[in-house]
Amino acid sequence: VALPLEEGNARTLGAAFREVLAAFSDKAKGGDALARYENMDWSATGSDGTHLEIFCNPNMAADAFSANALVTVQSAAVRVVVEVRLSDLKSDLEAYAQVLKQQ
């Protein structure tokens, strides 16, 4: 499945990733064992009406490498929901950012 991700949306998604990764970093440093970390719940709708939503609960995984995210892509015709590793999704976003820089 391919969908257009406008540059502004990519930037806000990058910011959401930085926040959730900061939560995992805090956990790794031995942060408060009873602390509840904020979920990453990001969404955007493209100019073509395609909706993308990404959800990750950092409280459900020990670290960012074992964390999963739910990714929902919805258009007028279809809705697809998949679970992916957060680290794989981050790599894909970084690759997309490199493509944008080269343009």
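FYI, side chains are in, hydrogens and waters are out, and symmetry mates aren't considered; it's all heavy atoms of this structure. Everything numeric here is computed off the predicted structure, so don't read it as measured data.
Taken to the nearest 0.5 Å, the CG atom of L52 stands 8.0 Å off from the OG1 atom of T72. Distance check, rounded to the nearest 0.5 Å: CD of E83 to SG of C56 gives 10.0 Å. Residue F55 holds its CZ atom at 12.0 Å from CG of N68, rounded to the nearest 0.5 Å. Between the NE2 atom of H51 and the OG1 atom of T45 there is a distance of 5.0 Å, given to the nearest 0.5 Å.
Under a hydrophobic-cluster definition in which Ile, Leu, Val, Met, Phe, Trp and Tyr are linked whenever side-chain heavy atoms come within less than 4.5 Å, directly or via other members, L89 and F24 are assigned to the same cluster. Tracing side-chain contacts under 4.5 Å through hydrophobic residues (I, L, V, M, F, W, Y), one reaches V80 starting from I54; they form part of the same cluster. Clustering ILVMFWY residues whenever any of their side-chain heavy atoms sit less than 4.5 angstrom apart, transitively, puts Y96 in the very cluster that holds V82. Hydrophobic clustering, with ILVMFWY side chains joined whenever heavy atoms are under 4.5 angstrom apart, groups M40 together with V73. L86 and V84 fall within the same hydrophobic cluster, defined by Ile, Leu, Val, Met, Phe, Trp and Tyr side-chain heavy atoms under 4.5 Å apart, directly or through other members.
Closest heavy-atom contact between A35 and N59: O-OD1, 4.0 Å. Minimum heavy-atom separation, L93 to A10: CD1-O, 4.3 Å. Considering every non-hydrogen atom in both A61 and A67, the closest pair reads CB-CA, 3.6 Å.
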Full working for side-chain contact (heavy atoms from CB on, under 4.5 Å) between T50 and Q74: CA-CA 6 Å; T50 303; Q74 185 171 354; over 6 Å; no
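Judged as a salt bridge (Lys or Arg N to Asp or Glu O under 4.0 Å), not a single pair has a partner in residues 40-63 (not counting sequence neighbours).
Residues forming a side chain to side chain contact (heavy atoms under 4.5 Å, CB included) with N9 (at least two apart in sequence, or on another chain): L5, E6, W42, A44.
Put simply, the side chain of S91 gets close to the backbone of S87: a donor and an acceptor are under 3.5 Å apart. In this structure, the side chain of K27 does not engage the main chain of Y37 through any donor-acceptor pair within 3.5 Å.
Between V81 and R79 the shortest side-chain heavy-atom distance falls below 4.5 Å.
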